[in-house]
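Quick notes on the structure that follows.
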Amino acid sequence: MTALAEPQSGAHQPHHGIPQPRTPHRSPAAAIGWQPPAEQNRAREAADAETLVRQNLEWALFERAHALSARHASAAWERRFHRPLVPYALAALFRQRAADGNAMVVTAATRLWLAGPDPSDPVDLLSALVDLARARDPRRPWDVRTAIANRHDVPDQAVYTGLAFSSLDTRTGTFAQACADARSELQIPGTILYLADDPAMPGGQRALVADRRGTDGHNALTISSHEALSTPVILSRWPYTRVALSLLYERSGYGRVLQVMTELDREIHAADEQRRTSASGRRGER
């Protein structure tokens with residue numbers, strides 16, 4: 001005799017009382033991802049709003065880089081005879097969503113260099129910052145706002161986004177040559193560079209190079225952008241040209257500077273993520 005728990009082969013096994021798995025029938029609408037019109041409209045509006053926030057952020061980043069160039073020109077002009085500055089400046093740009101959630105606020109940690117007895121080269125200046133960042137103690141948070149900047153207006157919760165670079169040596173001449181012909185800082189031209197790591201973009205970066213003319217050049221602004229600006233050109237705040245990343249490196253005259261900015265950008269990204277993670281942990285312990 002066999003155990004009750006061991007039914008014999010071929011024996012009748014009643015199915016009542018044993019739950020049978022059932023696959024729910026999918027409606028045709030669910031199968032194709034259909035949504036009611038009201039939900040479709042809400043999703044479309046949310047996507048459009050987020051696109052607008054992103055595009056406004058891109059222009060806010062550029063405007064902060066543009067302001068760096070203009071303020072750099074003003075400070076260098078005012079101090080050209082007393083504690084002069086080198087014709088290069090740097091800003092680490094940060095973003096933070098506004099309190100209403102409908103926009104991004106851009107802040108910056110800026111670095112100016114005093115002119116010294118030796119000629120200053122932008123690659124050497126930036127390379128020294130790369131070395132400084134790489135020499136940081138990995139066991140401690142490293143804050144770019146105080147480690148390499150002269151001043152900043154960046155709140156603790158802001159997220160590092162990219163680097164802006166100002167050069168007062170431009171395609172038409174050096175800063176010293178511009179000063180010889182200018183009557184005020186408003187006539188000092190500048191070149192603006194912006195670079196940010198973005199693995200989702202072709203080449204893994206967003207970058208732009210802009211030429212800013214002074215008042216004697218009608219304040220003209222020429223922007224060449226690789227994915228740094230996504231607003232339709234016809235709707236842009238300033239006109240710009242879309243270019244391949246390789247062209248910015250090869251034809252802008254700032255290829256080596258962009259390369260070192262790439263190295264510094266990666267170091268700052270890693271350090272700022274560690275800083276924010278550490279700060280979040282401290283807040284959680286309270």
Side-chain angles (χ1 to χ4, degrees), residues 54 57-69 72 88-96 104-113 121-138 141-154 157-167 191-210 223-230 243-250 252-278:
R54 174 176 52 79
L57 170 63
E58 293 166 359
W59 282 110
L61 290 165
F62 174 76
E63 288 168 355
R64 194 63 193 252
H66 185 274
L68 169 70
S69 177
H72 179 208
Y88 311 108
L90 181 74
L93 303 182
F94 292 74
R95 72 183 186 276
Q96 183 178 16
M104 289 285 189
V105 178
V106 175
T107 51
T110 57
R111 172 66 179 258
L112 302 178
W113 289 271
D121 181 84
V123 173
D124 292 341
L125 295 173
L126 294 173
S127 295
L129 297 183
V130 173
D131 293 340
L132 179 64
R134 288 176 176 169
R136 67 186 184 274
D137 186 343
W142 187 82
D143 195 337
V144 64
R145 300 174 300 174
T146 54
I148 67 174
N150 305 126
R151 60 185 301 177
H152 77 87
D153 61 353
V154 182
Q157 296 78 17
V159 179
Y160 171 72
T161 303
L163 286 176
F165 184 78
S166 167
S167 174
T191 299
I192 303 164
L193 282 70
Y194 173 75
L195 185 140
D197 179 68
D198 191 338
M201 294 295 103
Q205 291 183 338
R206 295 178 180 269
L208 66 78
V209 177
I223 307 172
S224 298
S225 172
H226 172 73
E227 308 294 351
L229 302 170
S230 62
V243 299
L245 187 63
S246 59
L247 292 180
L248 286 182
Y249 276 79
E250 295 168 6
S252 67
Y254 289 91
R256 183 63 184 130
V257 173
L258 289 169
Q259 289 176 357
V260 184
M261 286 176 66
T262 298
E263 297 175 23
L264 182 58
D265 174 68
R266 290 171 180 167
E267 296 296 332
I268 295 176
H269 261 299
D272 191 64
E273 183 175 353
Q274 181 185 11
R275 173 190 69 84
R276 289 184 293 105
T277 300
S278 176

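For the single chain, residues carry numbers from 1 onward in sequence order. Everything numeric here is computed off the predicted structure, so don't read it as measured data.
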Distance col, row Arg266:CZ vs Ile268:CD1, nearest 0.5 angstrom, shows 13.0 Å

Next on the checklist: Between Tyr249 and Thr262, is there a side-chain heavy-atom distance shorter than 4.5 Å?
Outcome noted: yes

Closest heavy-atom pair, Ala196 versus Gly162, reported as atoms and distance to 0.1 Å, is CB-CA, 4.0 Å

Separation between CE (Met104) and CZ (Arg54), nearest 0.5 Å, reads 11.5 Å

Between Ile148 and Trp142, is any pair of side-chain heavy atoms under 4.5 Å apart? yes

Does Arg275 pair with Asp272 as a salt bridge, N-O distance under 4.0 Å? yes

Answer yes if the side chains of Ser230 and Glu58 hold a donor-acceptor pair under 3.5 Å, and no otherwise. yes

The ring pair (Phe, Tyr, Trp, His ring centres under 6.0 Å) partners of Phe94 (sequence neighbours excluded) come to Tyr160

Determine whether Leu90 and Leu125 make a side-chain contact, defined as any pair of heavy atoms from C-beta on separated by less than 4.5 Å.
-> no

Neighbour count above 12 (heavy atom, 6.0 Å) for Glu273 CD
no

Worksheet item: In terms of heavy-atom contacts, does CZ of Arg134 have more than 12 from other residues, nucleotides or ligands at under 6.0 Å?
Response: yes

Exercise for review: Could you check if a side-chain atom of His152 sits within less than 4.5 angstrom of a side-chain atom of Thr107, using non-hydrogen atoms only?
Suggested key: no

Exercise. Does a side-chain heavy-atom distance below 4.5 Å link Tyr254 with Pro122?
Worked result: no

Quick check: does any side chain N or O of Thr161 sit under 3.5 Å from a backbone N or O of Val159, one acting as donor and the other as acceptor? yes

Subject >> Validation row: Leu129, Arg111 side chains within 4.5 angstrom (heavy atoms) >> reply: yes

Those residues at least two apart in sequence (or on a different chain) that pass ring pair (Phe, Tyr, Trp, His ring centres under 6.0 Å) with His66 are Trp238

Taking every heavy atom of Ala109 against every heavy atom of Arg145, the minimum-distance pair comes out as CB-CA, 4.0 Å

Side chain of Glu227, backbone of Leu245: donor and acceptor closer than 3.5 Å?
no

Scanning both residues in full, the closest heavy-atom pair of Ile192 with Ala65 reads CG2-CB, 3.7 Å

Exercise for the section: Would you check if Leu163 and Leu93 make a side-chain contact, meaning some heavy-atom pair closer than 4.5 Å? Expected result: no

In this structure, CG of Leu264 is separated from CG of Asp131 (nearest 0.5 Å) by 10.5 Å

Leu193 vs Leu208, side chain to side chain contact (heavy atoms under 4.5 Å, CB included): CA-CA, chis, key distance, verdict
CA-CA 6 Å; Leu193 282 70; Leu208 66 78; over 6 Å; no

Between Ser252 and Leu258, the two heavy atoms sitting closest are OG-CD1, 4.4 Å

All heavy atoms of His226 vs all of Leu248, minimum pair found to be CB-CD1, 3.9 Å

Exercise. Any side-chain heavy-atom pair from Phe62 and Ile223 closer than 4.5 angstrom?
Worked result: yes

OH (Tyr194) and OG (Ser166) are apart, to the nearest 0.5 Å, by 16.0 Å

For Leu112 and Ala89 the tightest heavy-atom approach is CD2-CB, 3.3 Å

> Does a salt bridge link Arg64 with Asp153, judged by any charged N lying under 4.0 Å from a carboxylate O?
Replying inline: yes

Rounding to 0.5 Å, atoms CD (Gln274) and CG (Asp143) come to a distance of 11.0 Å

So salt bridge (Lys or Arg N to Asp or Glu O under 4.0 Å) across residues 193-203, not counting sequence neighbours, yields Asp198-Arg206

